Each structure stands twice: as structure tokens, then as C-alpha cells.
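Computed from a predicted structure; not experimentally measured.
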Amino acid sequence: MSTLSRRHILMAGTAALMTAGLNAHPAQTADDAPTPPPPPLPAAEPTQTLWYTQPAAQWVEALPVGNGRLGAMAFGGISMERLQLNEDTFYAGAPYTDINPDAKAALPEVRDLIFQGRYTDAEALAATKVMAKPLKQMPYQPLGDAVLLFQSLDTVRDYHRRLDLDTATATTRFTTGGGAWASVHTREVFASAPDRVIVARLSSNRKAMVSATLSLLTPQNATLVADGPDSLLLTGVGPGRFGIEGRLTFAVRLKVIASGGAVRAGSDGIVIDHADEAVVLITAATGYRRYDDIGADPAALTADTLARAVAKPYARLLADHVAEHQHLYRRVTIDLGVTPAAALPTDERIRANPAKDDPALAALYFNYGRYLLISSSRPGCQPANLQGIWNEQVDPPWESKWTININTEMNYWPAELVDLGECVQPLTAMLKDLSQTGARAARDMYGAGGWMAHHNTDVWRVVGPPDGPKWGLWPMGGAWLCRHLWDHYDYGRDKAYLAEVYPILKGATQFFLDTLMVLPGSDWLVTNPSLSPENEHPMGTTLCAGPAMDRQILRDLFADTIKAAEILGRDAGFRAKVKAARDRLPPDRIGSSGQLQEWLEDWDMRAPEIHHRHVSHLYAVYPSDQITRRGTPELMAAALRSLEIRGDNATGWGMGWRLNLWARFADGDHAHTILTLLLGPERTYPNLFDAHPPFQIDGNFGGTAGVVEMLVQSIGDGIELLPALPRAWPTGHLNGVRVRGQGRLDLAWRDGTLDQATLRNSGKEVRRWQVRLGETVLALTVPAGGERRLALKNGELNLA
């Protein structure tokens with residue numbers, strides 16, 4: 001723990017117990033009737049359940065629950081349970097801007113220095129005159145902890161802790177005492193999206209066995225008071241950072257509803273005395289309305305939310321939560337096979353994975369990624385940040401915000417594939433905000449129209465270049481995010497959505513029409529200043545003009561903007577300008593070692609970090625589809641050479657990107673090797689969180705997307721079945737995934753080859769796809785609402 005030490009929690013809890021005046025449990029007598037144990041927990045399904053035989057000793061062993069707005073980490077303690085709490089808008093600071101007033105005047109000289117090859121001089125000038133003020137952005141904040149301390153729990157045995165992905169419920173169960181009067185204690189925790197609360201139920205198979213003190217502890221500037229006989233209210237103001245005053249108010253409410261026994265609230269917590277059962281409801285809010293408005297009343301918001309939740313009995317809260325979660329979660333199923341390794345607890349499976357065959361662990365990781373996206377990115381909420389929604393530190397790594405030179409994008413790679421298009425809504429909403437703040441940056445920093453964003457943003461939607469020139473002076477963050485707008489349209493083909501986001505695409509494109517520069521000695525248009533994230537070239541810095549990734553992102557942005565305008569019947573003259581600019585972008589180039597060049601110059605083999613975690617110049621292979629095995633074989637071979645040079649070992653998210661690339665290269669066994677490394681103890685924590693290290697959630701989402709890419713790839717109107725099926729998964733199925741053009745696919749294989757597939761058209765128009773298996777291609781026309789079944793006949797793909 002970094003925000004609250006275990007010693008502080010225990011001291012606070014012990015003091016509460018000493019002052020609470022808890023009575024001892026009634027002594028057992030010979031007349032006490034034995035109580036039957038509760039029904040056993042369902043068997044731990046190896047692809048749906050994380051489970052453990054001991055409580056979490058550290059944060060990366062705790063189990064996450066979330067409803068998009070609220071997140072909690074449940075530790076599953078015995079005498080003390082800790083629920084570490086987050087709310088998705090709770091960031092340090094308050095509305096601010098970060099554009100350096102000197103940047104606009106200094107940029108022409110920075111550009112000239114780069115074109116002259118004086119790269120380090122350009123960096124020095126940019127560091128002084130161009131970078132954001134303040135240089136750092138605001139960190140995501142923890143609310144604190146709900147701490148529960150329990151009385152007289154001795155001789156504990158049969159401990160079990162689990163997270164059921166299908167019901168989105170964390171459960172802890174153990175037995176105390178002995179003989180016929182043994183007590184089985186059960187604690188369940190979930191985060192309800194319908195009711196906007198975190199719910200914890202404390203129960204036992206024997207009456208009057210729930211006795212505890214509860215309190216709210218926080219590292220923030222806050223006040224805790226009793227709010228009635230069974231409730232607590234924590235209110236405060238978030239911190240300032242980097243010269244920005246903290247002005248964001250927040251409130252946390254906790255209420256206990258007990259059956260039997262007594263409940264009383266004091267200034268330091270709530271006492272539950274000999275209850276049969278207790279239900280704890282927690283909700284939280286901040287004053288945040290949008291990036292420039294913090295005028296909401298969190299105390300009133302939480303009071304209204306809690307009043308609505310209290311009106312429901314526990315069974316209804318649970319049923320509504322599970323039904324809403326399963327509406328999203330059960331759309332997709334997967335089976336990659338099961339081996340004896342799947343019977344181990346989850347932490348042991350992770351430790352054993354590099355040496356044991358455990359295909360069900362890959363399926364569990366795939367399902368966990370879907371669970372995490374559902375839990376951290378809901379309509380009306382903030383997008384999943386660097387840690388999704390879960391963070392315990394007041395100064396988290398990289399501020400736990402949105403890094404938009406790979407990490408935020410990777411968070412959403414699986415969304416369309418696994419039929420979680422609703423989860424993209426927060427990202428769309430953030431892009432609408434960025435198109436406003438980014439328009440001011442385009443005007444005041446670059447003297448350009450349209451809008452732009454650099455490589456990071458926070459809840460206040462600042463877009464200036466942060467951290468330092470080597471990382472921040474990259475103008476492509478907004479442009480890359482725009483690819484997700486097109487993908488959301490392309491999978492769903494909703495013209496109303498396309499019309500809604502077209503101004504964002506057009507504005508992002510306009511910025512580059514205004515800022516691209518002619519490369520001296522050529523007719524090419526390039527970005528300047530820029531960099532290839534976050535890789536230093538051999539000239540002593542990252543700053544350069546026109547790196548490969550920029551050109552590749554712009555080819556997508558320009559093409560998507562043109563297609564969107566054509567579909568909507570708009571802006572013929574603008575489309576012509578965009579096409580002319582796209583035609584003048586430098587082509588991808590092959591270097592002297594046969595590699596795809598990362599920069600315009602053939603610098604790759606002299607770069608200081610030849611095994612760099614980023615593989616930015618391979619964007620054209622994945623997540624884009626500009627370079628493909630059959631369409632551009634020479635460039636594909638060069639990209640493969642670049643990936644071989646980079647090597648397999650990387651950060652967690654770096655392995656997630658490599659996994660998807662090896663799938664695009666149709667090398668299933670190598671992709672499986674990467675996935676095995678990703679799922680080993682160096683890159684996956686005991687609770688299956690991705691280890692950068694430290695924790696970043698992007699690797700989880702990259703892994704989920706990579707499993708799909710190994711089994712089905714959807715590019716344009718083409719669908720490729722089993723393009724990178726590894727020998728380790730000879731038989732299995734993947735049902736319910738989406739393909740571009742309003743398609744859904746069920747896929748089954750046996751003994752390493754296709755068994756059957758069903759392609760459904762969920763749209764209202766006839767759709768046509770080209771379906772490929774190996775070298776066999778089948779043209780399919782699927783009526784609106786209809787389906788086509790496929791199977792092998794005489795070794796070739798045909799209608800079943």
C-alpha cells in the first residue's frame with residue numbers, strides 16, 4: 001500500500017473496536033441447535049473464475065469490481081476486509097489550460113533546426129519554449145478505503161476467495177470454530193451499474209454472527225461524519241498538483257442495512273453488533289460535470305443514489321446487477337481446451353504457465369479482458385485510463401491518466417471485436433471534448449485550424465505537449481484516436497453515428513492540412529516537429545520530421561475522413577484536398593537490413609534501444625491494415641524483419657502489441673509464445689492484472705484482442721478464419737465475435753482445422769463478405785437478419 005499503510009489501517013480499526021463496546025458473542029449451550037452449512041459455491045470454472053486459497057497480501061492480489069463510474073479492489077481479508085475505492089472523475093487539480101504562450105513563436109525555429117539536422121538543438125529550444133505549462137498533467141486519485149474489522153474469528157479453515165466473471169461478483173468464504181457449531185462466513189462484493197453503488201453482503205450460516213466495525217479512511221483532505229444511525233458521509237476536496245490548485249469536491253456515502261442485531265454510527269465509523277446479516281452500500285461522486293465545469297453537488301448526488309438503492313432488497317440489487325452485466329458479458333464465449341493445470345488456483349496457474357500447458361488460462365485472460373472493459377468503460381462514464389478505473393496511489397505511475405500514443409488506443413482494441421461497442425461511448429465523448437480543447441491548441445500553439453492532441457490528456461482534457469520533448473512533442477494523439485471513431489462506424493454501419501463524429505474527423509484532418517510541411521528537396525508532406533514514440537534515434541534525441549508512424553496514421557485519418565464524407569454526401573471540395581495531401585505522404589520504406597524503416601532516414605540499426613518496447617512503425621500492420629501478407633508482401637516481409645529485430649521481450653502492453661502483430665503475420669505458434677510470456681509471472685500479477693511493470697491495464701486489453709486476431713481477422717469486407725491458430729489449441733470454439741459490416745461470427749475447429757462457422761448479418765441491408773480459410777476464398781451474400789453456415793467439403797470452404 002502506498003496511500004494508506006497497513007499500520008494506519010490497523011491502528012484506526014483497533015481504536016474503533018476498543019471504543020465500540022462490542023459485546024462478546026453469546027456463549028454456546030447444549031440447547032443450541034446445529035445450523036446447516038450454506039449451499040456450496042459453484043465449482044470454479046477455469047475460464048470464468050479467478051480463485052485463491054488465501055487473502056490478498058498486496059494490491060495486485062486484490063480482486064477488481066467496477067460499474068464504469070465506481071471501482072473497488074476487494075482484498076478478501078479475514079479479521080479485516082479492505083475495499084479500496086475509486087471514482088472515475090476524481091483527478092487532482094481543477095479546470096486549467098496548459099498551452100505555452102511562447103510555443104507559437106518558437107515552433108518555426110524548432111522546425112528549421114530539425115530540417116537542418118540539428119536535432120538536439122531543436123530539443124533544447126523546444127524544452128525551453130514549446131512544452132506545456134505545467135509540464136505534468138493531473139493524476140487520477142483514490143477516494144480511500146472502506147475498512148471492515150470483524151470480532152472473534154478464530155481457528156479459520158477452508159478459506160476460499162474468488163471473482164466470478166460471469167456474475168461480476170467477488171466472494172470470500174471461510175469456516176471458523178468447530179464441531180456442529182462451526183460458522184461459515186460469506187462475504188460478497190459487486191459494483192452495480194443499474195443502481196450505481198458498490199454492494200457488500202456479510203453473512204453466516206449461524207444467527208447473530210456478524211459483528212464488525214466499518215469506517216472510511218482517505219489520504220485526501222476530507223471530513224467523516226455520521227449521517228444518521230447507520231450511515232457515514234465523507235466529504236472533501238481533491239488535491240492540487242504541479243501548480244494547479246485542487247478544487248474538485250467529492251463525497252462518499254456508506255450505509256449499513258442489517259437483519260437482527262444492532263447498528264449504530266459514530267463520528268469514526270459504524271458498529272454492527274451480532275447481526276444475522278448486513279448489507280453495506282457505498283456510493284461516491286465528485287463535482288465534475290465536464291472538463292470546464294465542476295459545479296455539481298456530490299453530497300446531493302450521492303444522497304439521491306443511495307436513497308434509490310436502499311429501496312431495493314439485496315436479492316433485487318444482485319439480480320439486476322447480474323442481468324445487466326450478463327447482457328454484455330454473455331455475448332461472446334470461448335473454449336481453447338482444458339488441461340490438468342486448470343485445476344490450480346489462479347496465482348499458481350500464472351506461476352506455472354511458462355512450463356505447463358494451460359490453454360484455459362488464455363481463455364480466462366481473454367474473458368478477464370472483456371470483464372475489465374465492461375467494468376471500467378460504460379456509457380456516460382470516463383474512458384478506461386492507464387489503470388482502467390482502479391488506483392490506490394495519490395501519485396500513481398504516469399499519473400494513471402490517458403496516454404494516447406498507444407495505451408488508450410490499446411484499451412479499446414478488443415471493444416468492437418468482442419461485441420462491446422457500447423463501451424466505446426466514453427472514448428467518443430472524450431474525443432468530442434478534445435476536439436474543443438484541441439482546437440484552441442491548434443490555434444494558439446500551431447496557428448492552425450481544426451484540432452489536435454499530443455501524447456497525453458487528463459480529465460481536464462488538456463492537450464499541450466507534456467513531460468518533455470522526447471515524449472510529448474508528438475502531434476498525432478488525436479489523429480490516432482480518430483481511428484476508433486471509424487472502427488465503431490465500420491463494425492456497426494450506423495450513419496447517424498458517422499454524422500455525429502464526422503466533424504471530429506474533419507477537424508483532425510484540417511489541422512494536418514494546415515501544418516504538414518514540404519520536406520526539403522522533395523514534394524513530400526511531413527509532420528514537423530514529431531517523433532516515433534518514444535524511441536530515440538541515433539542523432540541523440542527523438543525529435544525528427546515525418547516518422548513512419550505519423551505517415552501511416554495520416555493515411556488512415558485521411559482515408560477515413562474521405563470515406564465518411566462520401567457516405568454522408570458532404571464536402572466534395574474538401575475531399576479533393578485531403579486526397580491530394582494523402583498522395584503526397586512519403587511511402588513506407590525498406591532499409592539496408594531489410595527492415596521497415598522507423599524514420600525517413602535509415603537509422604534503425606543504429607538506434608540506442610534496438611529492442612525498444614514501442615513498435616510504432618508497425619502500426620500499418622496492426623492495428624491498421626495498410627500492410628498485409630497478400631496485398632503488400634514486400635513491405636510485410638520488411639515489417640516482419642523489424643519485429644524480429646525488436647525481439648519478443650517487452651513491457652506487458654508491448655507484448656500485447658507484439659501478440660497482435662504475430663497474429664497478423666499468421667504465425668500462430670510465435671503468437672502463442674508471446675501470449676505465454678504475457679501470462680507468466682513477470683508480466684501478469686496474481687490477480688491477472690497486466691504488469692508493465694508496474695500495473696497498466698492496456699496489456700490485458702491487448703491480450704484479449706490478440707486472442708481474437710489469432711482466430712479470426714476482419715479487414716474491410718474480408719474475413720479470414722483461423723489465420724494464426726497455434727498447435728497448442730487444436731480444438732475449440734469462439735462464438736459471438738463481430739466482423740466489420742454488422743456481422744457476427746461463430747467459429748469452431750477440431751484437430752487444427754475448421755469444423756464449422758456461422759456468419760450472421762445483424763443489419764437491415766444485404767451484406768457481402770469474402771471469407772477466407774487458407775488459400776480458399778468464398779464469396780458470401782447474407783440477407784438482412786440472415787445467416788450462412790460454412791464447413792469444409794473435400795478440404796475446401798463451402799456452404800454447409
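Closest of all the heavy-atom pairs between P142 and N391 is CB-O, 3.4 Å. The shortest non-hydrogen separation linking N687 to Y368 is O-OH, 2.8 Å. The shortest heavy-atom contact between V256 and V280 is CG2-CG2, 4.3 Å. Heavy atoms only, all atoms of each residue included: N67 and S192 are closest at ND2-O, 2.9 Å. Between A309 and V197 the shortest heavy-atom distance is CB-CG1, 3.9 Å. When every heavy atom of P298 is checked against every heavy atom of A296, the shortest pair comes out as CD-O, 3.2 Å.
The closest side-chain donor-acceptor pair between S203 and T186, if any, does not fall under 3.5 angstrom. For the residue pair Q220 and Q141, a side-chain donor N or O sits within less than 3.5 Å of a side-chain acceptor on the partner. No side-chain donor from either of H185 and R187 sits under 3.5 Å from a side-chain acceptor of the other. Between the side chains of S183 and R206, at least one donor N or O sits under 3.5 Å from an acceptor N or O. When only modelled atom types and interatomic distance are considered, D164 and Q48 share no side-chain donor-acceptor pair under 3.5 Å. In the model, D395 has no side-chain atom that pairs as donor or acceptor with a side-chain atom of Q393 under 3.5 Å.
Below 30°, between 30° and 60°, or above 60°: for F190 and Y314 the angle between ring planes is between 30° and 60°, a tilted geometry. Taking the six-membered ring where the residue is Trp, F695 and F689 present parallel rings, their angle staying beneath 30° rather than reaching 60°.
The CG atom of D276 sits 4.5 Å away from the NZ atom of K207 when rounded to the nearest 0.5 Å. The CE atom of M73 sits 11.0 Å away from atom CG of L83, with the distance rounded to the nearest 0.5 Å. With rounding to the nearest 0.5 angstrom, the CD atom of E45 is 8.5 Å from the CG atom of N367. The CD atom of Q387 sits 11.5 Å away from the OG atom of S376 when rounded to the nearest 0.5 Å. Residue Q425 holds its CD atom at 14.0 Å from CG of L420, rounded to the nearest 0.5 Å. Taking OG1 of T305 as the start and CD1 of I282 as the end, the distance is 13.5 Å to the nearest 0.5 Å.
Exactly one of L217, L85, L224 qualifies for a side chain to side chain contact (heavy atoms under 4.5 Å, CB included) with L234. That residue is L224. Just one of Y288, Y91, Y140 meets the ring pair (Phe, Tyr, Trp, His ring centres under 6.0 Å) condition when paired with W460; it is Y288. The salt bridge (charged side-chain N to carboxylate O under 4.0 Å, His left out) test with D195 is passed by exactly one of R308, R69, K312: K312.
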*Under the side chain to side chain contact (heavy atoms under 4.5 Å, CB included) rule, what do Q137 and D98 come out as? Steps first, then yes or no, please.*
CA-CA 9 Å; Q137 295 175 353; D98 67 343; 4.1 Å; yes
_Test side chain to side chain contact (heavy atoms under 4.5 Å, CB included) applied to L386 and D698, step by step_ = CA-CA 7 Å; L386 272 176; D698 33 37; 3.9 Å; yes
*Give the C-alpha distance, both sets of side-chain angles, the deciding distance and a yes or no for side chain to side chain contact (heavy atoms under 4.5 Å, CB included) between N407 and Q696.*
CA-CA 9 Å; N407 312 96; Q696 282 188 196; 3.4 Å; yes
*Could you please spell out the steps behind the side chain to side chain contact (heavy atoms under 4.5 Å, CB included) verdict for R264 and I270?*
CA-CA 6 Å; R264 57 187 180 274; I270 295 176; over 6 Å; no
*Go through the steps to decide whether R161 and E61 satisfy the test salt bridge (charged side-chain N to carboxylate O under 4.0 Å, His left out), and finish with yes or no.*
CA-CA 11 Å; R161 176 171 66 101; E61 296 174 0; 5.1 Å; no
*Worked verdict on R162 versus E188 for salt bridge (charged side-chain N to carboxylate O under 4.0 Å, His left out)*: CA-CA 10 Å; R162 66 165 54 182; E188 299 152 299; over 6 Å; no
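Between the side chain of N700 and the backbone N or O of D690, at least one donor-acceptor pair lies under 3.5 Å. At least one donor-acceptor pair closer than 3.5 Å links the side chain of S211 to the backbone N or O of H274. Not a single donor-acceptor pair under 3.5 Å links the side chain of N385 to the backbone N or O of W402. The main-chain N or O of V60 is never found under 3.5 Å from a side-chain atom of Q58 such that the two would form a donor-acceptor pair. Side chain of T403 to backbone of N456: no donor-acceptor contact under 3.5 angstrom is found. Between the T302 side chain and the T283 main chain, no donor and acceptor come within less than 3.5 Å of each other. In terms of modelled atom types and a separation under 3.5 Å, the side chain of H321 and the main chain of T167 share a donor-acceptor contact. No donor-acceptor distance shorter than 3.5 angstrom exists from the side chain of D273 to the backbone of G261, with no hydrogens or angles considered. T704 places a side-chain N or O within 3.5 Å of a backbone atom of F366 that can act as its donor or acceptor partner. Of the possible donor and acceptor atoms, one in the side chain of E81 sits under 3.5 Å from a partner among the backbone N and O of G76.
Annotation: side chain to side chain donor-acceptor pair (under 3.5 Å) contacts of S377 (sequence neighbours excluded): Y412. For E422, the salt bridge (charged side-chain N to carboxylate O under 4.0 Å, His left out) partners are R331, not counting sequence neighbours. When the side chain to side chain donor-acceptor pair (under 3.5 Å) test is applied to Y96, the partners found at least two apart in sequence or on another chain are D458. In this structure R316 satisfies the salt bridge (charged side-chain N to carboxylate O under 4.0 Å, His left out) test together with D320, sequence neighbours excluded. In this view, E277 and R201 satisfy the salt bridge (charged side-chain N to carboxylate O under 4.0 Å, His left out) rule, not counting sequence neighbours.
Between L70 and N86, every side-chain heavy-atom pair lies at or beyond the 4.5 Å cut-off. With contacts defined as side-chain heavy-atom distances shorter than 4.5 Å, the pair L202/V279 does not qualify. Here the side chains of K255 and V310 are in contact, with some heavy-atom distance below 4.5 Å. P396 has its side chain out of reach of K401: every pair of non-hydrogen atoms, C-beta onward, lies at least 4.5 Å apart. Between F250 and E87 there is no side-chain heavy-atom pair separated by less than 4.5 Å.
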Can you list, pair by pair, the side-chain donor-acceptor contacts under 3.5 Å of residues 426-436, counting residues two or more places apart and other chains?
residue : atom : partner : partner atom : Å
T428    : OG1  : Y497    : OH           : 3.0
K432    : NZ   : E500    : OE2          : 2.2
D433    : OD2  : R461    : NE           : 3.2
S435    : OG   : K432    : O            : 2.7
Q436    : OE1  : R290    : NH2          : 3.2
Q436    : OE1  : Y291    : OH           : 2.6

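Note that R157 lies outside the cation-pi zone of F174, set by a 6.0 Å cut-off to the ring centre and a 45° limit from the axis.
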